Protein chains: 2
Amino acid sequence: MDRPSDTPRGQQDSRPRVPRATVVRLPQYLRFLRDAEAAENHYLSGARIAAALKIEPAQVRKDLAVTGIASRPGVGFCASELIYAIELYLGWNNTTDAFLVGAGHLGAALAGYAGFQRYGLNIVAVFDLDDHKVGRKLCGKPVHPFDQIAAKAQEMHVHMGIITVPSGAAQDVADVLVLAGIRAIWNFTPVELDVPPNIVVEKTDLAASLAVLSRRLADALRPSR
Amino acid sequence: MDRPSDTPRGQQDSRPRVPRATVVRLPQYLRFLRDAEAAENHYLSGARIAAALKIEPAQVRKDLAVTGIASRPGVGFCASELIYAIELYLGWNNTTDAFLVGAGHLGAALAGYAGFQRYGLNIVAVFDLDDHKVGRKLCGKPVHPFDQIAAKAQEMHVHMGIITVPSGAAQDVADVLVLAGIRAIWNFTPVELDVPPNIVVEKTDLAASLAVLSRRLADALRPSR
DNA sequence: TAGATTGTTAATCGATTAACAATC
DNA sequence: TAGATTGTTAATCGATTAACAATC
């Protein structure tokens with residue numbers, strides 16, 4: 001009933017736990033700071049950042065504290081310092097190579113999105129089960145046969161996979177990615193993937209966002225009378 | 001210092017406030033229930049739903065309570081009843097017509113996504129600023145010139161707009177949509193849109209999801225030694 | 001220096017989890 | 001009926017907001 005050693009959460013919990021919501025906000029700060037930097041605003045107070053992004057000032061200070069960068073009262077944060085620190089924190093200073101599986105419309109949208117470069121993401125290859133798509137290019141990225149994932153992952157030292165296949169194939173694709181040594185999966189299907197605990201999965205579920213929007217629209221239209 | 005009437009939140013707060021997280025989970029339940037129904041499982045206990053979706057049983061009971069549907073101890077929820085009630089709650093029983101602005105890769109992905117039908121969403125028209133794209137079809141949807149949004153919105157009684165233009169054009173597009181009488185905006189750009197308070201905006205920010213994934217991958221790779 | 005702004009601790013708020021009497 | 005399962009209240013957990021002494 002009682003376990004020998006009662007490790008509460010992981011082993012070495014030296015890192016202070018950062019709320020997910022904070023990580024979600026970091027790209028917002030990053031964008032704003034890059035724009036400010038481009039506009040020659042090199043120093044910005046937390047209060048100003050807060051006002052621009054409609055976030056509570058205290059929240060901004062707390063969020064930015066995770067970067068380890070201090071702000072000087074009266075002067076503010078040094079934009080370039082913060083930009084560098086946020087990129088570092090998110091691992092966006094070095095580009096991460098990723099595989100994309102599923103050369104459909106959504107796959108094409110992601111493969112063709114030049115903006116990912118700013119987020120340190122580089123889709124190096126696309127895979128698809130459909131032989132008609134193999135050999136062609138999808139938005140400039142070569143499309144390989146699905147069964148070459150493992151070989152190419154070893155060869156190219158790729159750690160991240162993006163799944164944009166139909167729901168029915170999602171789990172199979174995930175299994176293959178895991179076997180290929182992929183450590184992080186960005187799942188664009190609504191399927192709750194079953195993967196080993198050491199694999200990081202992040203789901204982008206369009207239906208979830210749409211649900212919130214639909215519900216709020218219904219609320220907005222109802223009492224309009 | 002003290003306001004005359006201390007209205008805490010809105011005017012008629014008869015509706016019990018439903019957590020956003022609950023609304024986000026509803027599509028998960030819906031999918032699971034539809035699958036169960038298709039597999040001839042007509043009654044499902046909350047416990048079983050919880051196990052399948054890896055959600056706490058108490059959470060499932062609480063979430064599903066918003067639908068007003070009761071479960072019978074020993075028997076469970078009636079799948080079809082719940083499906084209907086969730087669809088009703090999300091306004092997905094009747095299809096919602098929507099405009100899509102921005103006929104790029106992401107626009108094509110959304111315009112071509114047949115699955116939206118299951119979520120009560122119907123993209124009826126696409127708009128783009130680029131004249132080369134106007135007149136063609138994008139995944140079967142006609143592409144209209146951008147300046148026809150207002151006229152078409154009135155004509156087709158459309159309340160929802162989806163923005164998939166480059167970031168720089170997002171605010172302008174939002175302004176036009178608002179002027180056209182659109183009430184809900186699904187924003188796929190990272191821009192924090194400035195709209196009147198009666199307009200509902202839901203942002204799907206890919207950078208935010210990627211940030212969480214990147215950070216967790218960095219954490220996973222670091223202590224692997 | 002004086003005053004604005006910070007970093008951080010305490011208070012609040014909201015959501016999740018646990019517990020348990022009520023129910024089919 | 002007996003037992004599993006519910007709906008709901010209380011306890012816990014975690015994140016946001018407020019407050020304020022420390023700081024440039």
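Model, not experiment: these values are computed from the prediction. Convention: sequence-line order gives letters A, B, ...; per-chain numbering from 1.
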Taking for each residue the nucleotide of DNA chain D bearing the nearest heavy atom, is the 5' side occupied by T22(A) or by A65(B)?
A65(B)
According to the Watson-Crick and G-U wobble definitions, with both distances under 3.5 Å, which nucleotide is paired to dA15(D)?
dT12(C)
Taking CZ from R48(B) and P from dA4(D), how many angstroms apart are they, rounded to a whole number?
17 Å
Dump every N/O contact between nucleotides 22-24 of chain D and the protein below 3.5 Å, one line per pair.
| residue | atom | partner | partner atom | Å |
| --- | --- | --- | --- | --- |
| dC24(D) | O3' | R72(A) | NE | 3.2 |

Select from R20(A) and F77(B) the residue whose nearest nucleotide in DNA chain D is closer to the 5' end of that strand.
F77(B)
Is a donor-acceptor contact shorter than 3.5 angstrom present between the side chain of K62(A) and the base of dT17(D)?
yes
Kindly give the heavy-atom pair with the smallest separation between L121(B) and A98(B), and that separation in Å.
CD1-CB, 3.8 Å
Rounded distance in Å - CZ (R61(B)) to P (dA19(C)):
12 Å
Rounding to a whole Å, what distance do you find between R17(B):CZ and dG14(C):P?
7 Å
Please report, rounded to the nearest Å, how far the C1' atom of dT6(D) is from the CG atom of L82(B).
13 Å
Length of the CG-P vector between D63(B) and dT8(D), whole Å
14 Å
Would S209(B) and W186(A) count as having a side-chain donor-acceptor pair, cut-off 3.5 Å?
no
Let me know the distance between CD of Q59(A) and P of dC13(C), rounded to the nearest Å.
16 Å
Under 3.5 Å, is there a donor-acceptor pair between the side chain of R48(B) and the main chain of G76(B)?
no
Which nucleotide sits closest to the side chain of A58(B): dT17(C), dT16(C), dT17(D)?
dT17(C)
How are the rings of Y119(A) and W92(A) set relative to one another: parallel (under 30°), tilted (30 to 60°) or perpendicular (over 60°)?
tilted
Test item: S167(B) and P190(B) side chains (from C-beta on) under 4.5 Å apart, heavy atoms:
yes
When both distances are under 3.5 Å in a Watson-Crick or G-U wobble arrangement, the nucleotide paired with dA22(D) is dT5(C)
Using atom types as modelled and distance alone, determine if a side-chain donor or acceptor of E202(A) lies under 3.5 Å from a backbone N or O of L210(B).
no
Provide, to the nearest angstrom, the distance between the CD atom belonging to E56(B) and the P atom belonging to dA19(C).
11 Å
Side-chain contact, heavy-atom cut-off 4.5 Å: L44(A) with Y29(A)?
no
